[in-house]
There are 2 protein chains.
Amino acid sequence: MQALPVVQSGATVALIRKLAIRLALTPDELPILQSIFSVARSVRRHQDIVTEGKRNRVIFFVLEGLLIHYRIMRDGQRQVINIVVPGDIVGAPSCFFDGALYSVRSLTNSVVIAWPLEELFNLSGMQSQLATKIFWSFCCDAAMSAEHVVVVGRRSARERIAHFLLELLIRLQGIGLADERSYRLPFSQDVICDALGLSLAYVNRELRRLAQDGLVIISDHKVEINDVEALSALADFEDHYLRPTPIDELIAPGIAPPILAGSRRDISIR
Amino acid sequence: MQALPVVQSGATVALIRKLAIRLALTPDELPILQSIFSVARSVRRHQDIVTEGKRNRVIFFVLEGLLIHYRIMRDGQRQVINIVVPGDIVGAPSCFFDGALYSVRSLTNSVVIAWPLEELFNLSGMQSQLATKIFWSFCCDAAMSAEHVVVVGRRSARERIAHFLLELLIRLQGIGLADERSYRLPFSQDVICDALGLSLAYVNRELRRLAQDGLVIISDHKVEINDVEALSALADFEDHYLRPTPIDELIAPGIAPPILAGSRRDISIR
DNA sequence: CGTCGCTTTGATCATGATCAAGGGATGTGG
DNA sequence: CCACATCCCTTGATCATGATCAAAGCGACG
């Protein structure tokens with residue numbers, strides 16, 4: 001990993017803004033988190049930033065790039081637990097265990113900010129609200145793992161693949177990296193097969209069939225979903241689990257979102 | 001659900017003590033949580049305490065009984081996300097979403113304490129450390145879902161079953177409900193098959209084979225694992241993900257666990 | 001030009017699903 | 001106290017989804 005100044009790319013600035021919105025940061029919390037963001041690190045693709053078994057007491061704010069949480073089994077097979085997209089905070093739950101439970105690897109060149117877990121606990125004394133928001137984010141990520149269990153446990157190969165592509169669509173839309181029905185998929189099919197517990201040959205075949213049926217066309221690392229409705233029906237996909245109740249509504253139930261109300265887009269970065 | 005006074009059964013008292021240890025409660029935190037525990041509720045078996053899709057702003061401390069997190073699919077199939085044992089805190093991540101993501105159902109008669117999520121957020125102002133500990137617990141639960149993905153995604157039926165039985169062994173040992181190599185399993189095989197994404201007939205057959213091979217004998221709802229080592233090797237089971245770093249070590253890294261050091265067994269209940 | 005990474009396709013195999021039926025408890029109502 | 005029902009476990013036969021093995025195509029890149 002190599003250090004580099006952070007507030008450089010337009011994408012990163014936009015992303016920090018999105019993160020601030022997602023965590024419902026108040027005007028006083030924003031600079032605190034921003035001070036953390038003074039130095040980011042670039043990570044070349046195909047590098048582990050967390051290694052299973054090794055002690056990890058750091059959480060990462062992902063600003064750019066795609067990464068995966070994964071485990072290598074004793075027979076060499078890989079299971080991908082989760083795709084990580086910009087705006088995600090990774091490191092939990094591994095940082096709560098003596099040795100990391102899973103490895104985290106970049107699929108593309110990425111930009112991340114490493115933040116010592118210690119700081120999070122410090123925050124919970126001084127700025128408890130902010131700490132709560134970060135913990136809340138971890139808890140919401142747990143919903144994705146739970147959903148993943150359902151996908152892998154009870155769905156056919158075709159449904160799994162459709163679900164995978166739709167989940168990515170919604171998540172990338174949330175950070176401006178997908179449009180209405182398409183996005184770039186900058187990794188190869190083996191990531192899909194390892195995420196879904198399927199063989200590479202079969203994933204390939206099913207993708208081909210989905211294309212023949214006019215549902216999804218993947219070409220040149222670009223996913224194009226012809227009919228999102230139809231594919232969602234096929235996959236039994238619902239996006240609830242990707243849309244938590246905004247944390248400010250939870251903290252102040254009943255009341256209109258207090259501090260940022262009406263001006264959620266006006267957060268200034270820098 | 002019917003209200004009943006809580007500090008009645010010996011099992012419950014022991015359990016509260018264990019929960020206090022697990023959360024590394026300090027002498028001042030303990031009474032706060034105990035005040036919550038003034039009224040528990042008994043839940044008859046086979047009842048939902050959380051229903052998928054319905055708004056849920058409550059978390060539950062489970063004192064007695066076994067429960068499951070589950071989802072019913074559109075074709076009627078069920079996927080069990082997680083077994084819940086006494087000492088667990090359930091409700092997350094569902095309580096962070098508009099509608100619950102999964103249902104929670106009792107497998108046996110149970111005793112739980114329902115606690116409004118609001119109180120947790122209140123706590124994060126006044127008693128931020130305690131709130132942090134509860135959030136930490138949620139995050140650690142996420143590790144079980146992640147592990148579940150690996151089990152269902154990349155293991156054979158036999159391995160999955162072995163893993164399931166071992167996970168339960170370790171978890172029940174942690175709360176004194178299992179001895180060295182056996183425990184009561186007070187539910188039928190369909191829970192196992194729905195947890196592991198297998199068919200009932202096949203789970204039954206594989207259980208029978210495990211018994212024939214002298215690895216595990218289940219009879220009359222009692223699981224007896226003949227050789228835990230051997231079964232762990234078969235399942236590629238490691239219990240790391242069930243053993244988080246104690247929260248007090250994380251909060252005060254390097255220092256010996258401060259307040260309860262050396263007297264972790266001396267917490268007084270009542 | 002040759003190698004490497006990725007996709008594609010074919011042929012065959014096997015794990016685990018599905019369908020079907022019977023059996024042993026336990027419980028319940030007549 | 002018996003008849004019957006229900007729940008759960010068990011086992012057999014057959015089927016199919018998806019794995020495995022093998023090989024070829026196809027860029028990109030050095």
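Here the structure is a predicted model, which is why all the values come from computation and not from measurement. Numbers restart at 1 for each chain; the letters A, B, ... are given by sequence-line order, proteins then strands.
Closest to the side chain of A:Arg205, out of D:dG18, C:dG16, C:dT9, is C:dT9. Nearest to the side-chain atoms of A:Leu198 among the listed nucleotides D:dA19, D:dC9, C:dT9 stands D:dA19. Out of D:dC9, C:dT8, C:dG16, the shortest distance to the side chain of B:His221 is found at D:dC9. Of the candidate nucleotides C:dT8, D:dC9, D:dG18, C:dT8 has the atom nearest to the side chain of A:Arg208.
One can place CG of A:Leu210 at 12 Å from P of C:dT8, the figure rounded to the nearest angstrom. What separates CZ of B:Phe187 from C1' of D:dC9 is a distance of 15 Å, to the nearest Å. Following rounding to the nearest Å, B:Gln212 (CD) and D:dT11 (C1') show an atom-to-atom distance of 11 Å. Atom CD1 of B:Ile218 and atom C1' of D:dT10 are 14 Å apart (whole Å). Rounded to whole Å, the distance from CG on A:Asn204 to P on C:dT7 is 7 Å. In this structure, CD1 of B:Ile192 is placed 11 Å from P of D:dT10, rounded to the nearest angstrom.
Judged by distance alone, with hydrogens and angles left aside, A:Arg160 brings no side-chain donor or acceptor close enough to the base of D:dG18 to form a pair under 3.5 Å.
Between B:Phe187 and B:Phe164, the ring planes are perpendicular. Angles over 60° get that label, and only those under 30° would be called parallel.
Of the candidates B:Val228, B:Asp227, B:Val216, B:Val223, B:Val228 is the only one forming a side-chain contact (heavy atoms from CB on, under 4.5 Å) with B:Arg181.
Using a 4.0 Å heavy-atom cutoff across all strands shown, B:Gln189 reaches sugar-phosphate atoms only and no base atom. At the heavy-atom level, B:Leu207 lies nowhere under 4.0 Å from the strands shown. The residue B:Ser199 sits close to a base: some heavy atom pair falls under 4.0 Å.
When every heavy atom of A:Ile89 is checked against every heavy atom of A:Asp141, the shortest pair comes out as O-OD2, 3.6 Å.
Although no hydrogens or angles enter the test, the distance criterion places a donor-acceptor pair under 3.5 Å between the side chain of A:Ser106 and the main chain of A:His46.
In terms of position on DNA chain D, the residue among B:His46 and B:Tyr202 whose nearest nucleotide sits closer to the 5' end is B:His46. Along DNA chain C, the nucleotide nearest to B:Leu200 and the one nearest to A:Ala201 differ in position, and the one closer to the 5' end is contacted by A:Ala201.
Between B:Asp239 and B:Arg243 there is a salt bridge, since a side-chain N of the basic residue sits under 4.0 Å from a carboxylate O of the acidic one.
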